[in-house]
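Before any comments, here is the structure.
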Amino acid sequence: SGMPNSPPSVALALTYISGATVRLVATGTDADQDLLHYDFDWGDGLTTIDPSPSNAHSYNAGGTYTIRVTVTDPLAAAATATRAVTISIP
């Protein structure tokens with residue numbers, strides 16, 4: 001195909017499972033219908049590489065964290081989205 005590669009885009013949906021645990025669903029969209037890789041950076045030093053688009057994560061300490069999700073297509077075009085979460089641990 002001589003068509004130029006279309007970079008993906010990503011949208012994030014966050015739900016709180018508990019005060020310390022969140023579930024993040026990343027919806028990656030790619031005009032080329034490419035298979036996308038999802039890299040989750042949870043903001044606390046932990047990452048989840050090439051997971052499914054839906055991941056849960058538990059934090060060990062309260063505070064505000066910025067989750068960064070990078071979506072990459074097979075030709076290394078990428079999109080990043082961030083979402084801040086506030087964790088309260090009794």
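Since the structure is predicted, the reported quantities are computational estimates derived from the model, not experimental observations. For the numbers below, each heavy atom of this structure counts, side chains included, while hydrogens, waters and symmetry mates do not.
Between Val85 and Thr64 the shortest side-chain heavy-atom distance does not fall below 4.5 Å. Between Asp41 and Val69 there is no side-chain heavy-atom pair separated by less than 4.5 Å. By the 4.5 Å heavy-atom criterion applied to side chains, His37 and Val71 are not counted as neighbours. With a 4.5 Å cut-off on side-chain heavy atoms, Trp42 and Asn55 count as touching. Between Ile67 and Leu24 there is a side-chain heavy-atom pair separated by less than 4.5 Å.
In this structure, OG1 in Thr27 is found 6.5 Å from OH in Tyr38, a value given to the nearest 0.5 Å. To the nearest 0.5 Å, atoms CG (Asp34) and CG (Leu75) are separated by 6.0 Å. Here the straight-line distance linking atom CG of Leu35 with atom OG1 of Thr72 works out to 11.5 Å at 0.5 Å rounding. Note that OG1 of Thr29 is 8.0 Å distant from CG of Leu36, once rounded to the nearest 0.5 Å. Atoms CG and OG1, on Asp39 and Thr47 in that order, are 8.0 Å from each other to the nearest 0.5 Å. A distance of 7.5 Å separates OG1 of Thr21 from CD1 of Ile87, quoted to the nearest 0.5 Å.
Residues Ser9 and Ala79 approach most closely at CA-CB, 3.9 Å, considering heavy atoms. Minimum heavy-atom separation, Ile17 to Ala56: CD1-CB, 4.0 Å. Residues Asp30 and Pro7 share a closest heavy-atom pair of OD2-C, 3.9 Å. When all heavy atoms are compared, the tightest approach of Ala26 to Val10 is CB-CG2, 4.0 Å. Heavy-atom minimum distance, Leu14 versus Ala84: CD2-O, 4.5 Å.
Side-chain atoms of His57 and Asp44 include a donor-acceptor pair closer than 3.5 Å. Defined by atom type and a distance below 3.5 Å, a donor-acceptor pair is present between the side-chain atoms of Ser54 and Arg23.
Taking hydrophobic clusters as Ile, Leu, Val, Met, Phe, Trp and Tyr residues chained together by side-chain heavy-atom distances below 4.5 Å, Tyr16 shares a cluster with Tyr59. Linking ILVMFWY side-chain heavy atoms closer than 4.5 Å, directly or via other members, places Val25 and Val22 in two distinct hydrophobic clusters.
At distances below 3.5 Å, at least one donor-acceptor pair connects side-chain atoms of Asp32 with backbone N or O atoms of Ser6.
Around CZ of Arg83, the count of heavy atoms belonging to other residues, nucleotides or ligands within 6.0 Å exceeds 12.
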